[in-house]
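Have a look at the structure below, then the notes.
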Amino acid sequence: MSKTEATLNGDSQWPLWEVFVQGPEGEPHSHAGSLHAPDAALALQNARDVYSRRGGVSSIWVVPAKDIIASSSAENGLMFEPMDSKVYRHAQFYKVPRGVKNL
Amino acid sequence: MDETAQIENFERRIAAGESIEPKDWMPERFRKQLTRMISQHAHSEIVGMLPEGAWITRAPTLRRKITLLAKVQDEGGHGLYLYCAAETLGADRSELIDQLLAGKAKYSSIFNYPTLSWADIGVIGWFVDGAAIVNQTMLAKASYGPYSRAMIRICKEENFHKKQGFEIVATLAAGTPAQHAMVQDAVNRWWWPSLMMFGPHDADSPNSAELKRWGIKRRSNDELRQRFVDMTVPQAQAVNLTLPDPELRYNAATDQWHFGEINWEEFHRVINGDGPCNKERLQARRDAHENGRWVREAAEAYAAKQQRMQAA
Amino acid sequence: MNADLFNFVAGLADDRLVLGHRLSEWCGHAPILEEDIALANIALDLIGQAQNFLKLAGDIEGAGRNEDQLAYFRDPAQFLNLQLVEQPNGDFAFTIARQAIFDCWSVYLLEALSSSSHQELAALCVRAAKEDRYHWKHSSTWVQRLGDGTAESHQRMQSAFDALWSFTPELFQATAAQQKLVAAGLIPNLSSLESQWRKAMNELLEMATLKVPTVGAAAGRPARSQHTAHLAPMLSEMQGLARAFPGAAW
């Protein structure tokens, strides 16, 4: 949706990137926010300056926003709801005789 | 699904407290109202860097210099988060900035007042950030996911802004008589404009009902303003400063502070462009934008060259 | 020896205070929002380093002056910073060129000083060197993009280096204080800084399609002994409020 080319007065604010940040080492990366950058190297540096100002970051991923493919909530019914009924995928579905441990 | 059914479904989701995400269907008017609101909020952060930024070079100690710079930098960061939230609705940051620079977009009228003394820096942190936090705590529960997430991050980060402001105020209030006079003067100048930050009375706020129905705003302007006054009066008392309102008195029946009427003529004048610093603020933003144009172009040209070389 | 060490450490502090102050002037006026935040981070690092070095200088002096008294109550003539860092911001290319020249030099300097036998000084330099390595990454990234961007940015970047190059000999001119500290074994010999710096700058400028300006001779005066006309107005702005209320708490 977002344009990366020139706008009304021929100006650009650079393409949009999504930033994923890993807190302590070993944790998964999670979405921190977005920013603008002309290229990957500056996207990483900008992400460092914008999203790690308060410390606690051990790794950053940046991805051009246009390369993110997202599911649509209009399809949530067919995409995800069928999964909710598959109780047999969860451990509590299974009965175990009393007293048996370490299962 | 036809549009009526879509709207019904949309409003049912909001009523159920669900979060609306960028790819979800939403009424065009919801998209428009949100884009307007979030971008105004972003503009306010960016323009808001200027009055306080003017004192970074004059801060009276190194600690004050560092902490003020970190605060003004945060405001830039918050503007950045908010522009990005607006972009998830299909707006483009260039367009939003063009609207600001062309004088077509509004931003909080508070930033059209000048910062005349160092005490203003303290009082802005105390009043302006205090008022913003009241408003933003509500917006952190807004029905639009990206806005709410930006607000949660911003509220967390702004915690230190208000404390920093109050620390400056308390130090000056307990300082020399000249320092006390300096901070009282700042309180006198900033109190009423801060109350105006919450916007017109509910009865005169054309967008409020709709924003409330769509779960963007959860409290009315007047409710939030009252909450701010009730919070701030005891803080002023604690540091021996007087709020410039002869009508201010405690109402035991409601457990609230009654306050006088805002000068709405001034409010409309400033928000419509005729405040003390409107021209200066926009000019500063335009200058930064124009002077930076060749830099933005150069970075893009370099990136394009690198891409061509990689492709070749 | 204390006076020499004080002068040396205060010089480290003043370079960073003045440059950090200059960078902070960009806050709210940078070419793009992301860069506002980046420049503020660098300014914060530098002013923080200045605070630490001034505190150490005050301790070394032992006259009871703290970092704020040193920052706010010394006159321009008592400031020991390089002329390079007091130059006004100019356009973004000028700021970046000034920064790249300084960052590259500062990284080598702080790395060398990290092995100083003065332990507190060494510890501060270890920390500051980490910060400055990022500053160098930032400034060199920009030199490359502006040098090899558009014709306009190339020309602006080249003029900035041309204009600032005359301030570079002072970076490598040892002060009397510095020479005595080296002789006393308090700080390492810094004579290899110039060749390290020159090599790195040449590589950067070449990669950025820029010409290395011709080296001027050092001015015929001791390093850090004189300022350009730009320091006094900057300090009068910085110190004005603090000096209007001497002895006040803030």
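Naming: A, B, ... by sequence-line order, numbering from 1 per chain.
Looking only at distances, no side-chain donor or acceptor of C:E152 sits under 3.5 Å from a matching main-chain atom of B:E297. A distance-only check finds a donor-acceptor pair linking the side chain of B:R64 to the backbone of C:W250 [under 3.5 Å]. For B:R293 (side chain) and C:P31 (main-chain N/O), no donor-acceptor pair under 3.5 Å exists by modelled atom type.
With a 4.5 Å cut-off on non-hydrogen atoms, B:R93 touches chain C through its side chain but not through its backbone. Only the side chain of C:R156 comes within less than 4.5 Å of a heavy atom of chain B; its backbone N, CA, C and O stay farther away. Only the side chain of B:L50 comes within contact range of chain C, judged by heavy atoms closer than 4.5 Å. C:A244 does not touch chain B: none of its heavy atoms, backbone or side chain, sits under 4.5 Å away. Using a 4.5 Å cut-off between heavy atoms, C:L17 touches chain B through its side chain atoms alone. Contact of C:F92 with chain B is made through backbone and side chain together, with heavy-atom distances under 4.5 Å. Heavy atoms closer than 4.5 Å to chain B are found in both the backbone and the side chain of C:Q144. Neither the backbone nor the side chain of B:I97 comes within contact range of chain C; no heavy atom of the residue lies under 4.5 Å from a heavy atom of that chain. Contacts between B:L172 and chain C at a heavy-atom distance below 4.5 Å involve the side chain alone, from C-beta outward.
No donor-acceptor contact under 3.5 angstrom links the side chains of C:D36 and B:Q73, judged on distance only. A donor-acceptor contact under 3.5 angstrom links the side chains of B:T57 and C:E237, judged on distance only.
With chain C as the partner, the residue from B:G76, B:G53, B:A54, B:G48 showing the most heavy-atom pairs under 4.5 Å is B:G76. Among C:M234, C:H21, C:H154, the residue with the largest count of heavy-atom pairs under 4.5 Å with chain B is C:H21. The candidate from C:I37, C:L39, C:T150, C:L54 with the greatest count of non-hydrogen atom pairs under 4.5 Å with chain B is C:I37.
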Check your understanding: Yes or no on side chain to side chain contact (heavy atoms under 4.5 Å, CB included) for C:H29 and B:R285, after CA distance, side-chain angles and deciding distance?
Key -> CA-CA 7 Å; C:H29 308 278; B:R285 289 312 310 157; 5.6 Å; no

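A pairwise comparison of heavy atoms in C:A43 and B:L69 identifies CB-CD2, 3.6 Å as the closest pair. Of all heavy-atom pairs between B:A288 and C:G28, the closest is CB-O, 4.4 Å. In terms of heavy atoms, B:A59 sits closest to C:Y72 at O-OH, 2.8 Å.
One finds the NZ atom of C:K55 at 12.0 Å from the CG atom of B:L62 (value rounded to the nearest 0.5 Å). Note that SG of C:C27 and CD of B:E75 are 8.5 Å apart. Values are rounded to the nearest 0.5 Å.
Electrostatic pairing of B:K65 and C:E67 does not count as a salt bridge here, judged by no charged N lying under 4.0 Å from a carboxylate O.
Side chains of C:L146 and B:Y302 form no contact here, defined as non-hydrogen atoms less than 4.5 Å apart.
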